[in-house]
Amino acid sequence: MRLQKYVEAMQPGWNLGNTFDALGEETAWGNPKTTREMIDFVAQSGFKSLRLPVTWGHRMGEAPDYRIDPAFLERIREVVDWALDAGMMVLLNMHHDSHWIYHMDQRHDAILDQFRAAWVQIADYFKEYPDSLLFEGINEPRFSDDWGENKPEYYTWLEELNLAFYEIVRNSGGNNDNRPLMLTTVAGSYDQPRMEALVRTIKSLQDPNIIATVHYYGSWAFSTNIGGNLTFNDGDAAKESVDECFDRIYQTLVAEGIPTVLGEFGLFGFHRRMCSVEHGEVLKFFEYTLEGAKKRHMPIMLWDDGYHLNRTACQWNDPSIIDLIMASRDGRSSTAFTDTVYIRRGSPVQPVEIPLQLNGNMLLGVQCGDSLLTEGKDYQLTQEDTLVLSAELLESLAGLMSEKDCGTAATLSCAFSAGPNWKIEVIVYEPVQLYNTEGTVQNFAIPAAYNGDRLATMEAVYPDGGNAGPAAWTPFKEFNAMFWPDYAGGQIHLTEGFFQECQDGEIALRFHFWGGGITEYLLTKNQEIITGRAIPETVGNTLPAVVPSEEKIQSKNSKKRKIILGGALGAAAAATGLAVWLLKRKKK
């Protein structure tokens, strides 16, 4: 019980990623040198713990001593001291050293010797520090290029590492006799056999000061925006995955009396760009996942390799995410089905219904700029917790844009009795226009007039059947990995990685936009040369930005409504429709 309270006091935590874990110097991976001001800012923002990822291998001398550079140890001590002085708990680990530990099948004894030498020195250097400093033996250890592969020797090797780490620290004297120590699974995974193997190791130690850790970045498809998994709503696989995964982690570890920390938490898509997943869907993911972790007594440590914190200016790049994290400590925040309302220029403006997920809170009001909107005239809240924006309000907001301009006309702010406000952009748009172009596999971009709209996803298929590009199991390609929108430059970029797995000949693309439109485009690949041709027809709206007015949200006790948005049936139908169009075109 004492250790469980200790672990919960770490909530929430923050990772100083891509810094001391870089395979080079502190600034080698693009982040500035860490400062006391930076650490103080993180603490003042409300983070209670700091995970300090460190890669030691290239700072160590030759065998047999493997001496760690004393100046580097001193630098790590300096940052640890800053965090402790700021009132944070500190988790110090061995991070990308997993890349040399990977070769246990070839250099077993030498690797174990170097691993042991590192922890002998680290444990001795920090042995007099208070227990607000804890150690983590190794980050995401794996022994194969296949992250999901399970072989008996993997568990044997990891147990050797975990036990060596444990015995070294416990026998190093000072406060290390009882210092909390963190042990991980193979690859930091919550895969059931891997967690069960860790449970066996921890129970064999019979030590009340052992913590388990796994990492959580959401379901792969949603987290990377692939396969048409665009949304995080009731019935979506992404939301169901949270409960399934967290229940397994809780039952396997926490319920067995093993305090557990989600040592890395976030979305995989952030590693490319923060916009890999639509902003409102990101917020819904964070809100629901934070609540799920809290209910199961598992603190989270936000992974940040530089995309969350502007470390030079000491500012959060997206404060709305940080606000959600902080609000989750004492309650829940309210969210909505969407954070955008698209109004097509020239079309009749209709009322828009946006279901709210109040999470026990009350809607206090809706504001536009400095003006408080009038309930009953500008909006109303139904008994089903659906926010209805009036046609008169939306028409007046759309009228704020000039006849030639498209884009955000206004931003509404919904205030609730707890948690941060939910922002809704009212966007005026016209259909997206794509244009003919030529380029190469290494440098290809489609000229695009976005006209206020935003790109949701891209399908790629061959006219004669089959999905084009990587991840051939789906026509929907990975956002920001295979394609990405350049709104300022008026282009859609297709990456070399996409073309590398495309066969020569025609490739049919279908771009889905959040405003609801779908625009088709035809590529011809001739070895390194790519030719692009616009297709004038625009397919109807199969990507609803808001719930159609006839789809009423049922009461909480009724059957859940499932929004099929780029799911398996939708993806198959869309891909088939485009392939049929192309076959008809060939017959003409």
Side-chain angles (χ1 to χ4, degrees), residues 230-231 233 278-281 283-284 320 334-358 362-416 421-433 448-456 487 512-519 538-553 561 563 565:
L230 304 176
T231 60
N233 297 309
E278 198 276 333
H279 186 251
E281 307 308 316
L283 297 181
K284 286 186 281 185
S320 62
S334 299
T335 62
F337 185 80
T338 184
D339 65 342
T340 54
V341 171
Y342 285 86
I343 300 173
R344 181 167 175 172
R345 188 186 297 285
S347 297
V349 179
Q350 302 294 330
V352 168
E353 298 181 356
I354 304 176
L356 302 181
Q357 190 70 42
L358 292 175
M362 295 184 296
L363 177 67
L364 300 181
V366 182
Q367 198 160 330
C368 180
D370 295 329
S371 301
L372 188 64
L373 301 184
T374 303
E375 186 174 5
K377 175 188 174 186
D378 299 319
Y379 73 93
Q380 60 178 332
L381 183 65
T382 71
Q383 292 182 346
E384 292 80 24
D385 294 340
T386 296
L387 176 67
V388 182
L389 302 176
S390 72
E392 292 76 15
L393 169 68
L394 296 175
E395 191 165 19
S396 67
L397 295 177
L400 297 175
M401 302 289 286
S402 72
E403 293 183 2
K404 295 182 179 180
D405 288 337
C406 292
T408 301
T411 299
L412 307 181
S413 183
C414 301
F416 303 95
N421 293 359
W422 181 267
K423 303 294 181 63
I424 301 172
E425 286 186 82
V426 178
I427 299 168
V428 176
Y429 78 101
E430 294 179 354
V432 175
Q433 299 294 318
Y450 284 99
N451 297 327
D453 214 337
R454 296 173 187 171
L455 184 59
Y487 297 113
H512 297 250
F513 295 90
W514 285 107
I518 302 174
T519 302
T538 298
V539 184
N541 180 353
T542 63
L543 197 69
V546 294
V547 179
S549 58
E550 63 268 19
E551 286 193 55
K552 303 297 183 181
I553 303 303
R561 179 177 58 86
I563 303 297
L565 187 58

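The figures that follow rest on heavy atoms only: side chains count, while hydrogens, waters and symmetry mates do not. In what follows, residues are counted from 1 in the order of the sequence shown.
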* Structure fact -> Distance col, row Ser371:OG vs Gln367:CD, nearest 0.5 angstrom, shows 7.5 Å
* Do you know which two heavy atoms are closest between Ala409 and Leu400, and how far apart they sit? -> O-CD1, 4.0 Å
* Asked: Any donor-acceptor pair under 3.5 Å linking the side chain of Thr338 with the backbone of Thr340?
  -> yes
* Structure fact -> Note: Glu281 and Leu230 closest approach over all heavy atoms is CG-O, 3.3 Å
* If you round to the nearest 0.5 Å, how far is CD of Glu375 from CG of Leu364? -> 10.5 Å
* Please round to the nearest 0.5 Å and tell me the distance separating atom CG of Leu358 and atom OG1 of Thr335. => 8.5 Å
* Compare all side-chain heavy atoms of Leu381 with those of Leu356 and state whether any distance is below 4.5 angstrom. => yes
* To do: Look only at the side chain of Tyr487 and the backbone of Asp453, and say whether a donor-acceptor pair between them is shorter than 3.5 Å.
  => no
* Asked: Should Tyr379 and Val388 count as side-chain neighbours, where that means a heavy-atom distance under 4.5 Å?
  -> no
* Mind checking the CD-CG spacing from Glu353 to Leu389? Nearest 0.5 Å is all I need. => 10.0 Å
* Does Tyr429 offer a backbone N or O that forms a donor-acceptor pair with the side chain of Asn451 under 3.5 Å? -> no
* Please report the closest heavy-atom contact between Met401 and Cys406, naming both atoms and the distance. => CE-C, 3.4 Å
* To do: Hey, could you give me the CH2/OG distance between Trp422 and Ser334, rounded to the nearest 0.5 Å?
  => 10.0 Å
* Go through Val352 and Leu394 one step at a time and tell me if the side chain to side chain contact (heavy atoms under 4.5 Å, CB included) criterion holds. => CA-CA 9 Å; Val352 168; Leu394 296 175; 3.6 Å; yes
* Asked: Below 4.5 Å, heavy atoms only, C-beta onward: do Ile354 and Ile424 meet side chain to side chain?
  -> yes
* Does the side chain of Leu363 reach to within under 4.5 Å of the side chain of Leu387, using non-hydrogen atoms? -> yes
* To do: Could you tell me whether the side chains of Asp378 and Ser390 share a donor-acceptor contact shorter than 3.5 Å?
  => no
* **Any Arg454 side-chain heavy atom under 4.5 Å of Tyr342 side chain** => yes
* Structure fact -> To the nearest 0.5 Å, atom OG1 of Thr519 lies from atom CG of Leu455 at 9.5 Å
* Going by atom types only, do Glu425 and Thr408 share a side-chain donor-acceptor pair under 3.5 Å? -> yes
* Please walk me through it: do Asn421 and Cys414 pass side chain to side chain contact (heavy atoms under 4.5 Å, CB included)? -> CA-CA 5 Å; Asn421 293 359; Cys414 301; 5.9 Å; no
* Before giving the answer on salt bridge (charged side-chain N to carboxylate O under 4.0 Å, His left out), spell out for Glu278 and Lys284 the whole-Å C-alpha distance, their side-chain angles and the decisive distance to 0.1 Å. => CA-CA 10 Å; Glu278 198 276 333; Lys284 286 186 281 185; over 6 Å; no
* Below 4.5 Å, heavy atoms only, C-beta onward: do Asp385 and Pro355 meet side chain to side chain? -> no
* **Evaluation steps, side chain to side chain contact (heavy atoms under 4.5 Å, CB included), between Ile343 and Val349** => CA-CA 7 Å; Ile343 300 173; Val349 179; 3.9 Å; yes
* Any luck finding a side-chain donor-acceptor pair between His279 and Ser320 under 3.5 Å? -> yes
